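This is a predicted model, so every value here is computed, not measured.
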Amino acid sequence: MAATFAAIFVYGKPLFALHRSSACRSIVKISNWESGMPNSLAYHVVVNALEDKAGWTPMSRFVSAVSHAISGHLPYQRYHAAGRARTAEGAGAGVVERMVNDFLATDINPGYLLLSSFQREADVLVAFNAYNQSAKLGVQTSLGSSGYVRRLNSGSRNSSHNANANGADGSLMAHGDDPDSCRQGTLAIVETMMATTRRNAQLPSGAERRSLTTTAKILGVEASAVGEVALVFESEGHIPIASVARKLGCHQRTLERRLRESNITAEALRQASRLVRASHRLSSLDSLTMIAFDEGFSDLAHMTRAFQTASGMPPSLIRKLMRLSQNTLPALSPSL
């Protein structure tokens, strides 16, 4: 996979230095390492894609997208088990890529909203690595072109490696028990991010603005009660469910019953909408405290916890990463 950037890893320090020269054109190397952390997680898109469960409907897909906008990760054990199952079945990289891309098409998690917003591949590199540093992933992935770093055991020490340890074609090579399908799923996300970034660079207005309602339209459920409630929350903000019912011309209990029939609640739609709205405002000049207040969080700490649960990153880090294309490269550290 070609890219127009090169990364320099500063071993033992939470810093990514980037050489932005257009002359740097090399193959992206990707390395996975097991973090060894308890209660480790995996990104929901790869888990759902690898599990490839039967019985998905447009509504259940929308409900899943809303749920994972609020909490974007699933247990690492599910990721690993699904990867082993797909690998045992002999699922090829093309099959895994198609499944991953299908779920990414309706992903509205704040983390993916960030990673799909850039117009330069170099910025994606920094943001993806920052996400992997911040989230409690069972297997972390570090992108680079000149080498990679692998964290051993619980992450107490790092060791540097030659870039030749990865495949010459940019594929991922296994370190420990990391099923092929798991690594193929990660590579599919990376390739999609890069393709989206190149497409964004060609659009006059930049990246598409994803929301609950755009996802509902993709899935064809915008005219349902769930889709209508999502539209009200996105247009009106964090109003009470009774007010939503009045706007839709029905009783609150009737509306709540119709939402339950679709296995979703008004509070889930409100929380997902709140996170998506706040995500889109992080690139603005508004203070984080103002965004938290406007979008219905009790305070900045509440919004920070919600973003951490949703994406594995606090809003302060997402804001810094969103501003990569306007500023020089910042030093990334856990204190952001």
- request: Take R253 and E256, measure what salt bridge (Lys or Arg N to Asp or Glu O under 4.0 Å) needs, and give me the verdict at the end.
  value: CA-CA 5 Å; R253 289 185 178 180; E256 290 175 335; over 6 Å; no
task: May I ask you to check whether R199 and Q202 show a side-chain donor-acceptor distance below 3.5 Å?
output: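 R199 vs Q202: no donor-acceptor pair found between side chains.
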message: When you compare the side chains of N101 and T192, does any donor N or O come within less than 3.5 Å of an acceptor on the partner?
response: yes
Quick one: does [X]'s side chain get under 4.5 Å of [Y]'s, heavy atoms only?
X: H44; Y: D107; result: yes
X: R86; Y: Q184; result: no
X: L104; Y: T196; result: no
X: V221; Y: V226; result: no
X: V126; Y: R120; result: no
X: F128; Y: T141; result: yes
X: R319; Y: I291; result: yes
X: I318; Y: L113; result: no

Path from [X] to [Y] over hydrophobic side-chain contacts below 4.5 Å:
X: V66; Y: L248; answer: yes
X: F118; Y: L317; answer: yes
X: M313; Y: L41; answer: no
X: V47; Y: I108; answer: no
X: L269; Y: L275; answer: no

query: Salt bridge between E261 and R258, side-chain N to carboxylate O under 4.0 Å?
result: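 Looking at E261 and R258, the cut-off is not met.
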Has the side chain of [X] got a donor or acceptor atom that lies under 3.5 Å from a matching backbone atom of [Y]?
X: S64; Y: S60; answer: no
X: D102; Y: A49; answer: no
X: E295; Y: R274; answer: no
X: T87; Y: S181; answer: yes
X: S311; Y: F307; answer: yes

State the [atom1]-[atom2] distance between [X] and [Y], to the nearest 0.5 angstrom.
X: L50; Y: C182; atom1: CG; atom2: SG; result: 5.5 Å
X: L288; Y: L282; atom1: CG; atom2: CG; result: 6.5 Å
X: H68; Y: L74; atom1: NE2; atom2: CG; result: 4.5 Å
X: I264; Y: R260; atom1: CD1; atom2: CZ; result: 13.5 Å
X: R210; Y: N109; atom1: CZ; atom2: CG; result: 11.0 Å
X: S117; Y: E208; atom1: OG; atom2: CD; result: 11.0 Å

task: Return the set of residues passing side chain to side chain donor-acceptor pair (under 3.5 Å) with T265 (not counting sequence neighbours), or none when no residue passes.
output: none
field: Residues that E97 engages under salt bridge (Lys or Arg N to Asp or Glu O under 4.0 Å), provided they are two or more places apart
entry: none
Please report the closest heavy-atom contact between [X] and [Y], naming both atoms and the distance.
X: C250; Y: L255; answer: SG-CB, 3.8 Å
X: F297; Y: A306; answer: CE2-CB, 3.7 Å
X: I70; Y: A268; answer: CD1-O, 3.4 Å
X: M322; Y: S283; answer: SD-N, 3.7 Å
X: L300; Y: T289; answer: CD2-OG1, 3.9 Å
X: P110; Y: A69; answer: CD-O, 3.5 Å

task: Could you please spell out the steps behind the side chain to side chain contact (heavy atoms under 4.5 Å, CB included) verdict for N132 and S142?
output: CA-CA 7 Å; N132 272 267; S142 179; over 6 Å; no
- request: Would you please test F62 and T106 for side chain to side chain contact (heavy atoms under 4.5 Å, CB included) and show each step?
  value: CA-CA 8 Å; F62 183 72; T106 57; over 6 Å; no
- prompt: Which of these passes ring-ring contact (aromatic ring centres under 6.0 Å, His included) with H73: Y43, Y79, Y112?
  reply: Y43
task: Carefully, step by step, assess H80 and Q77 under the rule side chain to side chain contact (heavy atoms under 4.5 Å, CB included).
output: CA-CA 5 Å; H80 187 266; Q77 290 77 8; 5.8 Å; no
Donor-acceptor pairs are to be reported for all side-chain atoms of residues 231-242 against protein atoms at under 3.5 Å, with residues two or more places apart or in another chain.
| unit_1 | atom_1 | unit_2 | atom_2 | d |
| --- | --- | --- | --- | --- |
| E234 | OE1 | S211 | OG | 3.4 |
| E234 | OE1 | T213 | N | 3.3 |
| E234 | OE1 | T213 | OG1 | 2.8 |
| E234 | OE2 | L212 | N | 2.6 |
| S235 | OG | L231 | O | 2.9 |
| S235 | OG | V232 | O | 3.2 |
| H238 | ND1 | D294 | O | 3.4 |
| H238 | ND1 | G296 | N | 3.4 |

message: Could you go through V124 and M194, starting from their C-alpha distance and side-chain angles, then the distance that decides it, and tell me whether this counts as side chain to side chain contact (heavy atoms under 4.5 Å, CB included)?
response: CA-CA 7 Å; V124 178; M194 294 301 181; 4.2 Å; yes
task: Under the side chain to side chain donor-acceptor pair (under 3.5 Å) rule, what do R246 and S243 come out as? Steps first, then yes or no, please.
output: CA-CA 5 Å; R246 283 195 296 272; S243 299; 3.1 Å; yes
task: Evaluate whether atom CZ of R281 has more than 12 neighbouring non-hydrogen atoms of other residues, nucleotides or ligands under 6.0 angstrom away.
output: yes
